[in-house]
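As the structure is a prediction and not an experimental result, all values here were calculated from the model. Order of appearance sets the numbers: ligands from 1, and atoms from 1 within every ligand.
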Amino acid sequence: MNIYGQSINMLEDYFKSFGENPAKAKIVFSALYRDKISSFYDITELSDAVKERLSADFEFSGISLITKSETETTCKYLFRLSDGHTIETVLMKHGYGNGVCVSTQVGCNMDCAFCESGKLKKVRNLETHEMVQQILYLRNVLDIPVSHVVLMGIGEPFDNYENVMNFTDIISHQQGISIPARHITISTAGIVPKILEYASRTAAPALAISLHAPNDELRSRIMPINKAYPTNGLIDAARVYAENTGKKVTFAYIMIAGVNDSDECALELAALLKGLNCYVNLIPYNKTRSASFSPSSKERVLEFYDILKKQGINVTVRREFGGDMNAACGQLSSDYRNNI
Ligand code: SAH
């Protein structure tokens, strides 16, 4: 097993399983993530017997960097996993700190019409440690402080639910990397049963839902997942989440010219979200290799924004990162041929 896949709870159970004090879990966590040790023999607080046992049971092996491309505000990393598959991770330099966009699967089964990441179908889920290591590579190897994390890279986080929950538990734990849950955002294409399950986790990271259309006819055309989980049920699940957790839901809405950016769409969207504790994040559409869509004009985005605002909806326009080097939303790919 890989040590970076172990949450505090898992390590406590591990120590208990052979009669050791579970408090040792915190010592290991702190050594791993604060002292950045790469051998259990470096943890002076542990007995030789425990060090040996840990060394026999857990490995440290990591992901390796193949290449990176960089602009002033964005850096995209292509990583090789131990089985040879590749994933991408993006660093975004914000005024308030560094955000990292993490991938959760190799490929993606959502098949959204506007997104490159789904062009290679899901090959497999990422293991928890492979997500943790995307952060660790930047933080430990490249010495880049990480203050925010978004699960918006390749893959559908709620199609890899258990590993993603372990990942966010690990990176948010105070004894470790300690990125506060409110600085972490999980984005889903709309897997309704998992949104409902997530709604019971009150101390969890923020939730974003990729909505992109205000009705079933349009949403099913650009997001096939809508056929399994139609819009009204999705909004109901978001309502349950907002009510249970007391948190706002973010709805991502890509602005695609002539597809979902009409005045009627804005009005329909406002009606759909009425009374829901949420805000809408309008995202300029990024061109991809495969789709023939075009972005809405700046004027259209602002008109759409104004309509939502007038209808009493909280709305923002997202600043874009990385569009010039295929590192922006929807442009990431697990297909190695696209990345070299
Ligand atoms: N599968 C999850 C996580 C991926 S997040 C989800 O769908 O939410 C990636 C975000 O970028 C999603 O909101 C997605 O809809 C959006 N996106 C995909 N393709 C895009 C494109 N071409 N331009 C802008 N945003 C895009």
Side-chain angles (χ1 to χ4, degrees), residues 74 76 87-90 92 99-122 125-126 131 134 148-161 163-164 167-168 184-192 194-195 198 205-213 218-219 221-226 228-229 234 237-238 241 249-257 259-261 278-296 301 316-334 338:
T74 314
K76 180 172 79 163
I87 49 153
E88 297 187 298
T89 305
V90 179
M92 297 160 291
V100 176
C101 179
V102 168
S103 289
T104 57
Q105 298 179 318
V106 177
C108 181
N109 274 348
M110 296 298 108
D111 201 23
C112 300
F114 44 78
C115 181
E116 193 65 29
S117 298
K119 298 306 155 205
L120 183 70
K121 292 279 150 287
K122 179 174 91 173
N125 284 331
L126 291 194
M131 293 182 260
Q134 294 174 59
H148 291 69
V149 171
V150 294
L151 284 79
M152 300 189 187
I154 302 158
E156 166 51 44
F158 279 179
D159 185 32
N160 185 11
Y161 191 81
N163 290 344
V164 160
F167 164 64
T168 58
I184 305 172
T185 304
I186 302 183
S187 182
T188 178
I191 316 260
V192 167
K194 293 299 173 193
I195 296 174
Y198 193 63
L207 180 67
I209 296 177
S210 298
L211 190 57
H212 308 327
L218 181 54
R219 194 162 190 271
R221 230 169 55 210
I222 56 177
M223 298 183 73
I225 186 71
N226 193 70
Y229 302 114
L234 175 61
Y241 169 86
V249 188
T250 302
F251 288 101
Y253 196 98
I254 314 175
M255 299 289 295
I256 311 176
V259 173
N260 66 353
D261 64 348
C278 69
Y279 73 89
V280 174
N281 199 352
L282 298 178
I283 305 169
Y285 166 73
N286 295 308
K287 283 206 165 292
T288 63
R289 286 180 184 83
S290 320
S292 51
F293 297 126
S294 331
S296 308
V301 174
T316 53
V317 179
R318 184 192 282 174
R319 186 181 155 208
E320 262 311 318
F321 282 90
D324 42 0
M325 53 177 216
N326 285 334
C329 300
Q331 295 180 326
L332 300 184
S333 168
S334 287
N338 288 338

What part of [X], side chain from CB on, backbone N/CA/C/O, both or neither, has a heavy atom under 4.0 Å from ligand 1?
| X | result |
| --- | --- |
| His212 | side chain |
| Thr188 | backbone |
| Ile254 | side chain |

Measure the acute angle between the ring planes of Tyr285 and Phe293, then classify it against the limits of 30° and 60° as parallel, tilted or perpendicular.
perpendicular

Distance in Å, Thr250 OG1 paired with Leu207 CG, rounded so as to fall on 0.5 Å steps
8.0 Å

State if [X] counts as touching ligand 1 under the rule of any non-hydrogen atom under 4.0 Å.
| X | result |
| --- | --- |
| Pro284 | yes |
| Glu156 | yes |
| Ser117 | no |

I need the atoms of ligand 1 closer than 4.0 Å to a non-hydrogen atom of [X], numbered in the order shown.
| X | value |
| --- | --- |
| Cys115 | 18 (C), 19 (N) |
| Gly155 | 1 (N), 2 (C), 3 (C), 4 (C) |
| Asn286 | 21 (C), 22 (N), 23 (N), 24 (C) |
| Gly153 | 4 (C) |

Among all residues two or more places apart in sequence or in another chain, which pass the side-chain contact (heavy atoms from CB on, under 4.5 Å) test with Lys119?
Asp111, Glu116, Ser290

Take Cys329 and Asn286, measure what side-chain contact (heavy atoms from CB on, under 4.5 Å) needs, and give me the verdict at the end.
CA-CA 7 Å; Cys329 300; Asn286 295 308; 4.0 Å; yes

